[in-house]
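First comes the structure, then the notes that go with it.
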Amino acid sequence: QMLEKNLNIRLLNRTTRSIVLTEQGKAIYLEALQLQDSSDRITAIALNNNTTASGKIKITAPQSFVNWPLADWLIEFKKTEPNIDIELIIGNRYLDLQKERIDFAFRQGPLNDSSLIAKKVIDIEYGLFASSELFIEKVKPNCLDDLQHFPLIGVNAQGHTIPWLLHHQGENLKYNAQACFSVEDNDLVVKATFAGLGIGYLPILKTLNSKNDTILTPVLKQYWPQTTQLYMVYQSREYLAKKDQLFITFMQQKFISLQQ
């Protein structure tokens with residue numbers, strides 16, 4: 001009777017001996033059955049999402065981090081969770097996670113979007129380096145203006161050179177290198193610097209782990225930036241699918257081992 005009152009429709013014909021659905025009552029009853037079926041299917045989807053490790057994880061990361069160590073991590077994760085598919089987008093461009101439907105992104109800080117959940121992967125220290133042969137006939141630069149007399153190696157994203165983030169006398173600086181050799185892969189910048197093509201802006205860890213016998217010369221150490229961080233970011237920590245929960249747990253273990 002309350003439903004009839006709310007809908008302003010008679011749903012049942014009532015007598016002292018029987019109750020029979022009206023035409024409108026039959027139509028609403030059939031619609032209600034369909035809604036119940038839909039509700040059951042929605043519940044089943046949600047239950048499967050929270051209890052079954054399956055589906056696809058879409059990830060974006062810069063090439064240099066993919067080269068080491070992310071590629072190995074993803075292969076290991078896939079072997080551990082064969083029912084979870086991995087899609088990896090490689091590049092330096094910061095993609096819109098929501099628009100591109102990306103589950104996880106690896107980004108170097110500082111992070112501009114405070115709404116994202118961020119988990120630190122590792123601290124990164126950058127510096128300017130060059131092969132010693134570059135200074136056989138030229139004196140090492142003493143200030144940023146001196147760099148215009150040297151070949152520079154740059155990193156780009158979609159054809160646009162990424163500025164060098166520097167720090168001098170308490171002030172953060174951005175230096176737009178006029179690169180004679182510009183690539184999107186930071187590891188290629190390291191190789192080009194070791195090959196003597198010019199001055200490169202490099203992660204210090206990459207110079208220490210290189211198998212190259214050449215010893216790089218530090219350049220303009222007074223301008224080297226403060227330590228920055230690499231983060232894994234995602235959109236929300238609430239209502240995560242089982243596949244995402246497993247990926248986060250797996251990655252956190254890898255982050256700990258990387259920092260040790």
Item to complete: Give a yes or no on this: more than 12 heavy atoms of other residues, nucleotides or ligands lie within 6.0 Å of atom NZ of Lys26.
Response: no
Discussion item. With a 3.5 Å distance limit and no angle check, can you tell me whether Gln245 reaches the backbone of Leu240 through a side-chain donor-acceptor pair?
Written reply: yes
Worksheet item: Rounded to the nearest 0.5 Å, how far apart are CD of Glu81 and CD1 of Ile86?
Response: 9.5 Å
Worksheet item: Does Leu33 CG have over 12 foreign heavy atoms under 6.0 Å away?
Response: yes
Response to the item:
Between Val219 and Pro141 the two heavy atoms that sit nearest each other are CG1-CG, 3.5 Å
Discussion item. Apply side-chain contact (heavy atoms from CB on, under 4.5 Å) to residues Ile57 and Phe77 and explain how you reach the verdict.
Written reply: CA-CA 11 Å; Ile57 295 177; Phe77 179 77; 4.1 Å; yes
Fill in: Heavy-atom side-chain contact between Ile153 and Leu188 under 4.5 Å
no
Worksheet item: Is Glu171 reaching over with its side chain to a backbone N or O of His168, donor-acceptor style, under 3.5 angstrom?
Response: no
Worksheet item: Can Leu197 be reached from Phe194 by stepping across I, L, V, M, F, W or Y side chains whose heavy atoms are under 4.5 Å apart?
Response: yes
Item to complete: Check the pair Leu88 / Lys58 against side-chain contact (heavy atoms from CB on, under 4.5 Å), numbers first and verdict last.
Response: CA-CA 6 Å; Leu88 176 61; Lys58 192 173 181 180; over 6 Å; no
Worksheet entry | Residues, nucleotides or ligands: over 12 heavy atoms within 6.0 Å of Arg237 CZ | no
Fill in: Neighbour count >12 (heavy atoms, 6.0 Å) for atom CD, Gln1
no
Practice prompt. Give the C-alpha distance, both sets of side-chain angles, the deciding distance and a yes or no for side-chain contact (heavy atoms from CB on, under 4.5 Å) between Ile117 and Gln235.
Written response: CA-CA 6 Å; Ile117 309 301; Gln235 295 185 69; over 6 Å; no
Worksheet item: If only atom types and distance count, is the side chain of Lys206 paired as donor or acceptor with the main-chain N or O of Asp187 below 3.5 Å?
Response: no
Worksheet item: Where does the angle between the aromatic ring planes of Trp164 and Tyr175 fall among parallel (under 30°), tilted (30 to 60°) and perpendicular (over 60°)?
Response: tilted
Discussion item. Treating Asp146 as the side-chain partner and Asn142 as the backbone partner, does any N or O pair qualify as donor plus acceptor under 3.5 Å?
Written reply: yes
Worksheet entry | Phe135 atom CZ: more than 12 heavy-atom contacts under 6.0 Å | yes
Worksheet entry | Same cluster (ILVMFWY, side-chain, under 4.5 Å), Val183 and Leu128 | yes
Discussion item. Can you classify the ring geometry of Phe129 versus Trp224 as parallel (below 30°), tilted (30 to 60°) or perpendicular (above 60°)?
Written reply: tilted
Worksheet entry | Single-linkage hydrophobic cluster, 4.5 Å side-chain cutoff, Leu116 and Leu230 together | no
Worksheet item: Are Leu205 and Trp73 connected, step by step, through hydrophobic side chains (Ile, Leu, Val, Met, Phe, Trp, Tyr) whose heavy atoms are closer than 4.5 Å?
Response: yes
Practice prompt. May I ask you to decide if the ring planes of Phe65 and Phe106 are parallel, tilted or perpendicular, using 30° and 60° as cut-offs?
Written response: tilted
Practice prompt. Treating Ile, Leu, Val, Met, Phe, Trp and Tyr as nodes and any side-chain heavy-atom pair under 4.5 angstrom as an edge, say whether Leu95 and Val66 lie in one connected cluster.
Written response: no
Discussion item. Looking at every heavy atom in both Asn156 and Ser182, which two are closest together, and how far apart are they?
Written reply: ND2-OG, 3.0 Å
Discussion item. Here's one to test your reading of the geometry: is the NZ or CZ of Lys138 within 45 degrees of the ring axis of Phe150 and under 6.0 Å from its centre?
Written reply: yes
Discussion item. My understanding is that only residues two or more places apart in sequence, or in another chain, count here; which of them pass salt bridge (charged side-chain N to carboxylate O under 4.0 Å, His left out) with Glu125?
Written reply: none
Discussion item. Could you report the tightest heavy-atom contact between Trp68 and Leu258, atom names first, then the distance?
Written reply: CH2-CD1, 3.6 Å
Item to complete: Identify the two heavy atoms, one from Leu134 and one from Gly196, that lie closest to each other, and give their separation to 0.1 Å.
Response: CD1-O, 4.1 Å
Item to complete: Determine, step by step, whether Leu111 and Val233 satisfy the side-chain contact (heavy atoms from CB on, under 4.5 Å) criterion, reporting the C-alpha distance in whole Å, the side-chain angles of both residues, the deciding distance to 0.1 Å, and the verdict.
Response: CA-CA 9 Å; Leu111 301 174; Val233 299; 3.7 Å; yes
Worksheet item: Just wondering, are more than 12 heavy atoms of other shown residues or ligands nearer than 6.0 Å to NE2 in His160?
Response: no
Worksheet entry | Partner set under salt bridge (charged side-chain N to carboxylate O under 4.0 Å, His left out) for Lys78, not counting sequence neighbours | Asp85
Worksheet, complete the sentence: Between Asn92 and Glu184, the two heavy atoms sitting closest are ND2-O, 2.7 Å
Practice prompt. Drop me the distance from Ile256's CD1 to Ile122's CD1, to the nearest 0.5 angstrom.
Written response: 13.0 Å
Practice prompt. Kindly compute the distance separating CD1 (Ile90) from OG1 (Thr60), expressed to the nearest 0.5 Å.
Written response: 9.0 Å
Discussion item. Quick check against the 3.5 Å criterion: does Ser257 have a side-chain atom that pairs as donor or acceptor with the backbone of Lys254?
Written reply: yes
Worksheet item: From Lys99 NZ over to Arg101 CZ, what is the distance, rounded to the nearest 0.5 angstrom?
Response: 12.5 Å
Worksheet entry | Heavy atoms from other residues, nucleotides or ligands near CD of Glu4 exceed 12 (cutoff 6.0 Å) | yes
Practice prompt. Determine whether Thr228 and Leu165 make a side-chain contact, defined as any pair of heavy atoms from C-beta on separated by less than 4.5 Å.
Written response: no
Fill in: Taking every non-hydrogen atom, the tightest pair across Met232 and Ile248
CE-CG1, 4.3 Å
Worksheet item: From Asp103 CG over to Leu97 CG, what is the distance, rounded to the nearest 0.5 angstrom?
Response: 8.5 Å
Worksheet item: Can you find a side-chain donor-acceptor pair between Gln229 and Asp123 that sits under 3.5 Å?
Response: yes
Fill in: Nearest-0.5 Å distance that lies between atom CG in Asn176 and atom NZ in Lys174
8.5 Å
Discussion item. Check whether Tyr201 reaches the backbone of Val189 with its side chain - one donor and one acceptor, N or O, closer than 3.5 Å.
Written reply: no
Item to complete: Let me know which of Asn186, Thr161, Leu202 forms a side-chain contact (heavy atoms from CB on, under 4.5 Å) with Val155.
Response: Asn186
Discussion item. Is it true that, when you exclude Gln222 itself, more than 12 heavy atoms of the residues, nucleotides or ligands shown sit nearer than 6.0 Å to its CD?
Written reply: yes
Discussion item. Quick one about Tyr126 and Gln108 (side-chain donor to acceptor, distance below 3.5 Å, no hydrogens or angles considered), yes or no?
Written reply: yes
Practice prompt. For the residue pair Asn13 and Thr22, confirm or rule out a side-chain donor-acceptor distance under 3.5 Å.
Written response: no
